[in-house]
Amino acid sequence: MNELLRQEVRFLTTRLGAIVREQSGPEVFAAIEVLRKIAKQIRQTPNSKLLKTKERAVDKLSVEDATDVAHAFSMFFHLVNLCEERERVRRLHAHDRQGAGAPMSLRHTFSELRRQKVSPAAVKKLLASMHIEPVLTAHPTEAKRRSVLNHILRLGRTLDSACGDLTPAAERDVDSWIEALWLTDEVREGVVTPEMESENARFFLERTIYDLAGTFWERFCAELTRRYPSLPEPHPFLSLGSWVGTDRDGNPFVTPETSLEAAEQVRRSILRYYREACNRMLGWASFPCDNSPITSNLRREIERDMRRFPATRAFEAVDQPSELVRRKLRIMMWRLERTSERAPGAYAAPKEFTEELRKLMDLLNAYPSPRIARLGPGRLRVASQVFGFHGASLDFRTHSRVTRGAADEVLRKAHLPTEPNEARIKSIQQMLFKPVVRASFSAETLHALAEFRALRTIQVRNGEEAAYRYVLSMTSYAADVWDVLLLARQTELVEPRGRRLQSRLDVIPLFETLDDLDAGPRIMEELFADPVYRRILSGRNDFQEVMLGYSDSVKDGGYVAANWGLFHAQKRLVEVAEKHKIRFSLFHGKGGTIDRGG
């Protein structure tokens, strides 16, 4: 273990011990120490005698003392994890100073491409084809309380302020936050609601992810230019997805109303981030603008804005007359506020905001102020390209039994056969070209259709990019995918245009069990060979996404069998897509823990 890491772990855990002794008494502290030492011995030399000793020590505890002991060990791991994360950051910085870059880092990757003599043309082609989209999934059993996360962040900042000088003064500072962490309940008293999941996701968006887009892309372009100076800056190939508030298969409390609220909350969150970023730039843009041609263009643009939006004339009296950048930023902030409220003066689309940031970046580069241009509008421009005005694209997810039950009822109301699967698919294909069925449906079917209507409403309000994927859990047959398309037709997400079919959503089959992973390539072969399905894909740029489930495949067959099945499924799925000339993407449903494929 690195010496600084060892020092920080010892420092924090010692302070935790002091707080536990103070809060719960010496008996509880002594019990913790006994269990800690026994556990250490078991790890070094495991044997049944030590396990029995540990069990006897636990059995002696009262329920109240056992609760405090468990809480103490949980706090211990929080603190150790914090120290390990800090050490990871230090190691990455050390790799950067050495010049080679850490393994799997951008610097190391581009250096390796160069060493392998990969041509600039090949790199350019690769970058033009890439799209990477991390997705926030909703797992309520794994979500830490925001209060706990905030205390851990405060501890990290306190250690940063100490600069490695772990003196009695540093002890006093960290004791406050360890005490607060100790007194905070880790487990919520009530059920984790979708609203809580949404709040938890926004914590990470607002604290980390929004800022990361600009800083990552800046680093990416710097390393690209370092090894391939002739290549132009590519368009950002990043976007963000989320299941939070839309994963019905993962949380039975998710409703159409929940999904609509989740979309609105993340939309307001990203617009608030843009306003706050522009507000920070006001402090940097304190310089006057000269009469150069590019400044004259900005002056004309501001005049045009003020004619279009008379309320913004009030900003003329706020700053110095020559501080045009500040004035433009105030107008942009006003328009972002109007966009958040869906009021007159709002931006028509994210591209308009992105273009204004590009113009500010060009002006600052020409001033010359390239550092401010990079730090301010440069990074925010990338964020606007990555997140748009919707923040994250919401993926709807439902179990195939739900869509199958609803499709059964729709087909029966239309007096069409539902079995076998071949006849079912033909029935659905007929229905796709006919008017929607107007009938009295059961509550279950109405609820399933309401989910599709919620997806359509999000598209109308926030644009198609805000929600356009429908993930179907436990896909076992091609007919399961057709069921989703039938329900999408019922809610006008799929509409006939003559002999063509226009779809506003992508159906993503999720293959999870070992049997489904094995059947997945055959299912996609059946779909790709179907002329009607190909007509749907042609309207989606001949693009198909498939999701692979790491968690359920591990539960189904164990870690080794699951990974073997996943490997072969990926290989065969790609071969099927290439055979039919389909643009293909894999969505890896993979988490950090072993049971989720980590």
Side-chain angles (χ1 to χ4, degrees), residues 131 133 239 241 243 246 248 256 259 263 388 390 393-398 400 402-404 406-407 410-411 414 416 424-437 445 448-473 475 477-510 523-547 573 576-577 580-587:
H131 183 78
E133 183 167 352
S239 59
W243 285 10
T246 52
R248 283 145 188 77
S259 301
H390 60 282
S393 182
L394 302 184
D395 296 355
F396 280 59
R397 184 171 80 121
T398 302
S400 59
V402 174
T403 50
R404 189 170 188 87
V410 173
L411 290 172
L416 290 171
R424 182 187 190 88
I425 290 171
K426 288 182 179 178
S427 297
I428 292 172
Q429 290 179 348
Q430 291 178 39
M431 296 281 292
L432 294 180
F433 290 93
K434 292 181 178 179
V436 299
V437 175
T445 297
L449 291 171
E451 295 173 1
F452 285 85
R453 291 194 179 94
L455 190 153
R456 179 69 181 126
T457 299
I458 293 171
Q459 290 186 351
V460 170
R461 291 178 179 176
N462 302 343
E464 187 175 306
E465 65 276 11
Y468 62 91
R469 282 174 295 228
Y470 198 97
V471 180
L472 188 63
S473 295
T475 301
Y477 307 97
D480 294 334
V481 175
W482 287 105
D483 288 340
V484 175
L485 291 169
L486 174 61
L487 301 181
R489 173 70 191 103
Q490 281 293 114
T491 51
E492 299 181 337
L493 282 161
V494 172
E495 293 183 290
R497 294 285 187 269
R499 298 185 70 251
R500 294 173 53 249
L501 287 166
Q502 180 183 334
S503 175
R504 296 185 181 88
L505 86 167
D506 294 334
V507 184
I508 302 174
L510 168 50
I523 291 170
M524 299 316 298
E525 171 72 41
E526 180 181 341
L527 289 167
F528 293 157
D530 191 296
V532 179
Y533 193 76
R534 286 304 297 266
R535 275 187 251 174
I536 294 171
L537 285 190
S538 68
R540 306 297 294 173
N541 297 315
D542 284 319
F543 175 80
Q544 176 71 57
E545 185 171 321
V546 167
M547 182 173 179
L573 284 165
V576 170
H580 290 275
K581 296 181 172 56
I582 298 295
R583 296 170 61 243
F584 187 69
S585 177
L586 282 171
F587 180 178

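Model, not experiment: these values are computed from the prediction.
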P256 to E451 - nearest heavy-atom pair and separation: CG-N, 4.0 Å

More than 12 foreign heavy atoms under 6.0 Å from CZ of R461: is that the case here? no

With the side chain counted from C-beta on, respond yes when Y470 and L493 share a heavy-atom pair under 4.5 Å apart, and no when they do not. no

Would you sort out whether L505 and F396 count as a side chain to side chain contact (heavy atoms under 4.5 Å, CB included), showing the intermediate values? CA-CA 10 Å; L505 86 167; F396 280 59; over 6 Å; no

Decide yes or no for R248 and S259: does some side-chain heavy atom of the first lie under 4.5 Å from some side-chain heavy atom of the second? yes

With heavy-atom distances below 4.5 Å as the criterion, would you say the side chains of L472 and P509 are in contact? no

Closest heavy-atom contact between V471 and M547? CG1-SD, 3.9 Å

Using modelled atom types only, decide if a donor and an acceptor are shared between the side chain of N541 and the backbone of F543 within a distance under 3.5 Å. no

Which atom pair, heavy atoms only, marks the closest approach of A466 to H390? CB-CB, 3.6 Å

Side chain to side chain contact (heavy atoms under 4.5 Å, CB included) for I425 and E526? Distances and angles first, verdict last. CA-CA 11 Å; I425 290 171; E526 180 181 341; 3.7 Å; yes

Walk me through whether Q429 and D530 qualify under side chain to side chain contact (heavy atoms under 4.5 Å, CB included). CA-CA 11 Å; Q429 290 179 348; D530 191 296; 2.9 Å; yes

Answer yes or no: are there more than 12 heavy-atom neighbours, outside R497 itself, under 6.0 Å from its atom CZ? yes

Is any NZ, NE, NH1 or NH2 atom of the basic residue among R404 and D483 found under 4.0 Å from an Asp or Glu carboxylate oxygen of the other? yes

Strictly below 4.0 Å, N to O, side chains only: are E495 and R504 in salt-bridge contact? yes

Could you measure the distance from the CD1 atom of I582 to the CG atom of D542? Nearest 0.5 Å is fine. 5.0 Å

What are the two closest heavy atoms between L394 and I458, and how far apart are they? CD1-CD1, 4.4 Å

Side chains of L411 and L486: closer than 4.5 Å at any heavy-atom pair? yes

State, yes or no, whether a side-chain contact exists between H580 and M524 at a heavy-atom distance under 4.5 Å. no

Could you tell me if the side chain of D506 sits less than 4.5 Å from the side chain of Q544, heavy atoms only? no

Which atom of Y477 lies closest to which atom of I523, heavy atoms considered: N-CD1, 3.8 Å

Hey, could you give me the CG/CG distance between L586 and L573, rounded to the nearest 0.5 Å? 6.5 Å

Dump the intermediate steps for side chain to side chain contact (heavy atoms under 4.5 Å, CB included) on V437 and M431, then the final yes or no. CA-CA 9 Å; V437 175; M431 296 281 292; 3.1 Å; yes

What's the separation between atom CZ in F452 and atom CD in E492, rounded to the nearest 0.5 Å? 14.0 Å

Going by the side-chain contact (heavy atoms from CB on, under 4.5 Å) test, name the single residue among I428, L449, V494 that passes it with L487. L449

Please find the pair of heavy atoms, one from A467 and one from L455, that lie closest to each other, and give the distance. O-CD2, 3.5 Å

In Å, rounded to the nearest 0.5 Å, how long is the span from CZ of R583 to CG of L537? 11.0 Å

CD of E133 to CD of E545, rounded to nearest 0.5 Å, is 7.5 Å

With side chains defined as the heavy atoms from C-beta onward, is the minimum distance between S239 and E465 less than 4.5 Å? no

Plane angle bin for W482 and Y533 - parallel if under 30°, tilted between 30 and 60°, otherwise perpendicular: perpendicular

Do the side chains of R535 and R500 get nearer than 4.5 Å, heavy atoms only? no

Is there a donor-acceptor pair under 3.5 Å between the side chain of R469 and the backbone N or O of I508? no

